[in-house]
Each structure stands twice: as structure tokens, then as C-alpha cells.
Number of protein chains: 2
Amino acid sequence: MALEKLGTEIRREQIVEAALSLIAAQGVRRLSVAALARRVGLVPSALYRHFKSKQEILDAAVQLVQRRGLDNLKEVCASTPNALERLKLLLMRVIKMIRELQAMPRIVFSEGVSADHPERKRQAYVILTGFLSAIEGIMREGQERGEVRTDLDAKTLAVMFWGMLPPVVILWHMSDGAFDVTRQAERSWELFSEAIRAR
Amino acid sequence: MALEKLGTEIRREQIVEAALSLIAAQGVRRLSVAALARRVGLVPSALYRHFKSKQEILDAAVQLVQRRGLDNLKEVCASTPNALERLKLLLMRVIKMIRELQAMPRIVFSEGVSADHPERKRQAYVILTGFLSAIEGIMREGQERGEVRTDLDAKTLAVMFWGMLPPVVILWHMSDGAFDVTRQAERSWELFSEAIRAR
DNA sequence: ACCCTATGTGAATATCTATTCACATTTTGC
DNA sequence: GCAAAATGTGAATAGATATTCACATAGGGT
């Protein structure tokens with residue numbers, strides 16, 4: 001018996017937060033409606049009052065993570081016009097986010113969320129390429145402003161910038177948080193920024 | 001009814017190859033004993049004559065992938081003493097492997113295989129860090145031979161080298177093979193090698 | 001206060017999956 | 001050739017999971 005009845009807005013939030021929390025602890029694969037309900041303090045069937053299906057819950061969790069990612073991007077671009085500064089800030093923001101919102105890496109890398117359904121996969125691809133386009137935009141601006149080398153392909157650079165994250169994320173997870181993501185990110189950034197800085 | 005009875009060695013091979021094939025097509029999560037059996041041309045219960053459990057089949061598949069990865073590493077180190085040459089060869093080898101053995105990226109990134117079981121996760125970590133150590137070793141040799149800058153941390157470089165792969169892999173998968181992994185890998189390598197080459 | 005809607009419950013259901021088990025058949029070794 | 005072992009089958013089982021459904025209750029609006 002739930003302690004009280006709550007409106008659907010509040011419950012939906014609780015459910016999504018519970019999902020993120022459980023995903024962080026156990027991964028997407030082991031996320032069950034039963035565990036979710038327990039976490040929120042309801043019975044499993046109650047969740048269907050607020051979401052049509054388990055997949056809808058997952059979708060909502062993905063969107064939340066995505067929104068936070070985009071927020072980071074916006075804040076970073078608003079804080080400085082310098083391309084390299086932006087990129088560094090963004091990198092550090094994302095690293096921070098990985099540490100705090102631990103479900104994020106699991107969601108991003110999980111095939112349970114997107115990769116086994118054509119439409120969702122396409123959507124995820126659109127989101128990812130959108131992110132890469134934004135990075136690419138920063139690179140181009142940097143090139144126009146004389147901050148970034150112009151003899152390098154901005155798109156390639158965007159992908160490489162992104163490439164600083166997965167190894168860090170994976171090692172962090174596999175080592176149960178023992179791997180020093182911040183240091184690795186900083187060092188990677190140093191080398192990368194030195195390599196792409198205009199001369 | 002199977003066309004013929006085959007010894008366990010042959011069947012085991014067939015089953016593991018079937019696993020890799022299905023994982024490539026559908027991912028680890030959707031790999032079922034029933035689909036595996038169908039693929040091999042047996043009934044599901046027959047698989048238990050050759051493997052104790054589904055997890056054992058998965059473990060065997062992981063080991064196969066791993067072995068091929070190590071083979072690549074050995075061959076590369078045997079083919080040239082030059083560190084940067086080795087690394088480039090290795091990168092291209094892995095890219096080739098990704099294209100041919102499509103199950104590999106799915107296995108590597110899947111939490112269905114390792115991340116939700118402490119012992120397996122640790123094992124995967126040991127394997128991964130072993131791979132990174134080998135790369136690190138190549139970097140150090142390169143530094144000793146005057147091929148690679150000595151002012152950079154070999155460990156960091158190893159992780160960054162590895163970082164060239166995941167974005168490529170992910171984009172390749174999400175775009176259903178449309179993303180040009182080879183070109184991205186080559187460009188990444190050019191920038192990376194230029195950045196770390198001794199001056 | 002009353003009625004309707006929103007929310008929660010508990011039981012049932014359907015589906016899927018991995019695995020066991022008893023029987024059948026083929027293969028191997030003596 | 002015979003017996004034992006290896007391999008394959010089909011039915012059954014157990015477990016887990018997502019979801020539906022009918023009933024109950026709380027909350028909000030009139």
C-alpha cells in the first residue's frame with residue numbers, strides 16, 4: 001500500500017529517477033518493472049497508470065539523459081567564445097556528468113535501449129550525429145577564429161573529441177570507479193588540444 | 001531431426017560460430033538458445049549435450065573473439081620493430097576485424113556478457129588492461145627507440161590509442177555500416193601519430 | 001455531501017526462455 | 001556382434017517478466 005496517492009506528474013518523475021538509479025546500479029538489461037515498482041514504493045501494475053509500457057519508461061529515461069547533455073552543450077557555448085575553451089569545458093562537464101549520473105554511460109552503450117529496434121536505433125543515431133555536429137560547429141568556429149588548425153577536417157576532429165570519452169567510461173565502469181577518469185581526460189585533452197591548436 | 005550426429009568438438013565450434021553470427025545480427029541480448037539451436041540445425045535441448053549452459057556458450061564466444069584479438073597483436077609485433085608502424089598496423093587490423101567479425105563490437109560493449117556479474121566483469125577488466133598494457137609496451141619501446149615523444153605518459157597514450165576505436169565502432173553500427181570506419185581510422189591515426197611522433 | 005476521476009492493489013494471464021528428463025538412435029570400442 | 005557412450009528429440013517444467021483486469025480507495029470538483 002503506497003503511503004499516499006500522487007499525481008501522475010510526480011509519479012512519472014519518480015519512476016524515471018528510479019529507472020536511472022537502477023540502471024546505474026545494474027544496467028539496462030536487468031531493469032525490471034518489478035524492481036522499478038519496488039523502488040518507487042508501488043506495485044508493478046501501478047506503473048501502467050503513468051506509462052504505457054516499460055519501453056516508454058526507458059524512452060523517458062533516455063530523453064532525460066539527453067536533455068542534460070544538451071544543457072551542458074548550451075551552457076558551455078554561452079560561457080566562452082573560444083573554441084578550445086568550450087571543448088575543454090564540455091569535456092569536463094561530461095566527465096562530471098558521468099560520475100554523477102552513473103546511468104548515462106550504461107544507457108549510451110546499451111543495446112537494450114536502442115540498437116535492436118530499427119526506429120529507436122535511427123533516432124539514437126540522429127541524436128548522436130546531432131551532438132557531433134555541434135562539436136563540429138565548435139571546431140569550425142575555432143578554425144575561422146584562428147584558434148584551431150585549418151588543415152584538419154572538422155568532422156574527424158569532432159569524432160576524435162568524442163573518442164576521448166568511451167575508453168574512460170568503460171575503464172571507469174570495469175574498475176568499479178577506481179580508474180581516474182578526470183586525470184585521463186585532462187591528459188587526453190592536453191595532447192589533443194596541443195595537436196589541433198593553430199600554430 | 002539433425003542430418004547426422006556429430007562429435008562434440010565439431011558441434012561446439014558450430015554452436016560458437018552460430019552465436020557470433022547471431023550476435024552480429026541481433027546483439028547479445030536477443031541471443032536465445034532456441035535461435036542458436038535453429039541456426040545449427042538441432043533442437044534447443046541438444047545444445048546442453050555440448051555446453052553446460054547458455055552462459056558457457058557466451059563465454060566461449062568471448063574467448064574466441066579475444067584470441068583473435070591477441071593473434072592480431074602478436075602478428076603486428078612480429079612484423080615490424082617500429083612502434084608507430086606497429087600501432088598503425090594494429091589499428092587497421094582491428095578495424096578489419098570489426099568489419100569481418102561483426103559480433104565483436106557487440107560483445108565488447110554488451111553488458112549482457114560481462115558487466116552484470118562481478119567475476120566476469122573482473123575478468124573482462126583484466127583482459128582489457130592486458131591489451132592496454134601491450135599497447136603501452138609498444139609506446140614505451142617507441143620512446144626508447146626515439147620514435148615516440150618521451151614527454152608523454154605511455155599509459156595515457158595507450159588509452160587514447162584505444163579511444164580511436166569506440167566512436168568508429170558505434171557510428172558504424174548505428175549507421176548500419178554506412179559510416180566510413182576506414183577513413184575515420186586513417187585520419188585519426190594521422191593526427192594521433194603526428195602528435196606523438198618524436199621531434 | 002456526493003459523484004466522478006485518478007491512482008493503487010492483487011490476482012490472473014500470456015509469453016518467453018533456459019533447462020531437465022526420459023526415451024531413441026547412432027557411433028565407437030572391444 | 002554387442003554393449004556402452006555419445007548425441008539428438010520432444011515433452012515437460014520452472015522461473016521470470018510484462019501486462020491486463022476487476023475491484024478498492026483517495027482526492028478533487030461541484
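Quick note on labels: first sequence line is chain A, next is B, and so on, each numbered from 1. Both backbone and side-chain heavy atoms feed into the values below; hydrogens, waters and symmetry mates do not.
- Within the 4.0 angstrom heavy-atom criterion, only backbone atoms of the sugar-phosphate kind lie near B:Ser32; the bases stay farther away.
- Using a 30° and 60° split on the angle between ring planes, B:Trp189 and B:Phe161 fall in the perpendicular class, above 60°.
- Between A:His50 and C:dA6 there is no side-chain N or O to OP1 or OP2 distance below 4.0 Å.
- The base of D:dG10 sits within donor-acceptor range of the side chain of B:Ser45, with an N or O pair under 3.5 Å.
- With rounding to whole Å, A:Leu58 atom CG is found 12 Å from D:dA18 atom C1'.
- Side-chain contact check for B:Ser188 and B:Gln184: at least one donor-acceptor pair (N or O, by modelled atom type) lies under 3.5 Å.
- Between the CD1 atom of A:Ile15 and the C1' atom of C:dT7 there is a distance of 11 Å, given to the nearest Å.
- Among residues two or more places apart in sequence or in another chain, the side-chain contact (heavy atoms from CB on, under 4.5 Å) test is passed with A:Arg86 by A:Val76, A:Cys77, A:Thr80, A:Ile138, A:Glu141.
- Considering only side-chain N and O atoms, A:Arg11 lies nowhere under 4.0 angstrom from the phosphate OP1 or OP2 of C:dA6.
- Atom-to-atom, CZ of B:Arg29 to P of D:dA18 comes out at 10 Å; the value is rounded to the nearest Å.
- Note on A:Ile57: nothing from the nucleic acid sits closer than 4.0 angstrom, heavy atoms only.
- In this entry the distance linking CG of A:Leu47 with P of D:dT20 reads 12 Å, nearest Å.
- Put simply, CG on B:Leu42 is 17 Å from P on D:dA6, counting in whole angstrom units.
- Looking at which nucleotide of DNA chain C each of B:Arg49 and B:Ser53 is closest to, the 5′-most match is held by B:Ser53.
- At a cut-off of 3.5 angstrom, counting only N and O atoms as typed in the model, there is no donor on one side facing an acceptor on the other between the side-chain of A:Lys54 and the base of D:dT17.
- Looking at B:Lys155, its side chain never comes within 3.5 Å of a backbone N or O of B:Leu132 through a donor-acceptor pair.
- Along DNA chain C, the nucleotide nearest B:Val33 and the nucleotide nearest A:Ala46 are compared for position; the residue whose nucleotide lies closer to the 5' end is A:Ala46.
- As a whole-Å value, the separation of B:Lys52 NZ from C:dT20 C1' is 15 Å.
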Can you list the steps and then say if A:Arg12 with A:Glu56 is a side chain to side chain contact (heavy atoms under 4.5 Å, CB included)?
CA-CA 11 Å; A:Arg12 283 177 69 100; A:Glu56 244 199 43; 4.3 Å; yes

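- Within 4.0 Å (heavy atoms only), A:Leu36 reaches no atom of the nucleic acid at all.
- Put simply, CZ on B:Phe51 is 15 Å from P on C:dA18, counting in whole angstrom units.
- In this structure, OH of A:Tyr48 is placed 13 Å from C1' of C:dT13, rounded to the nearest angstrom.
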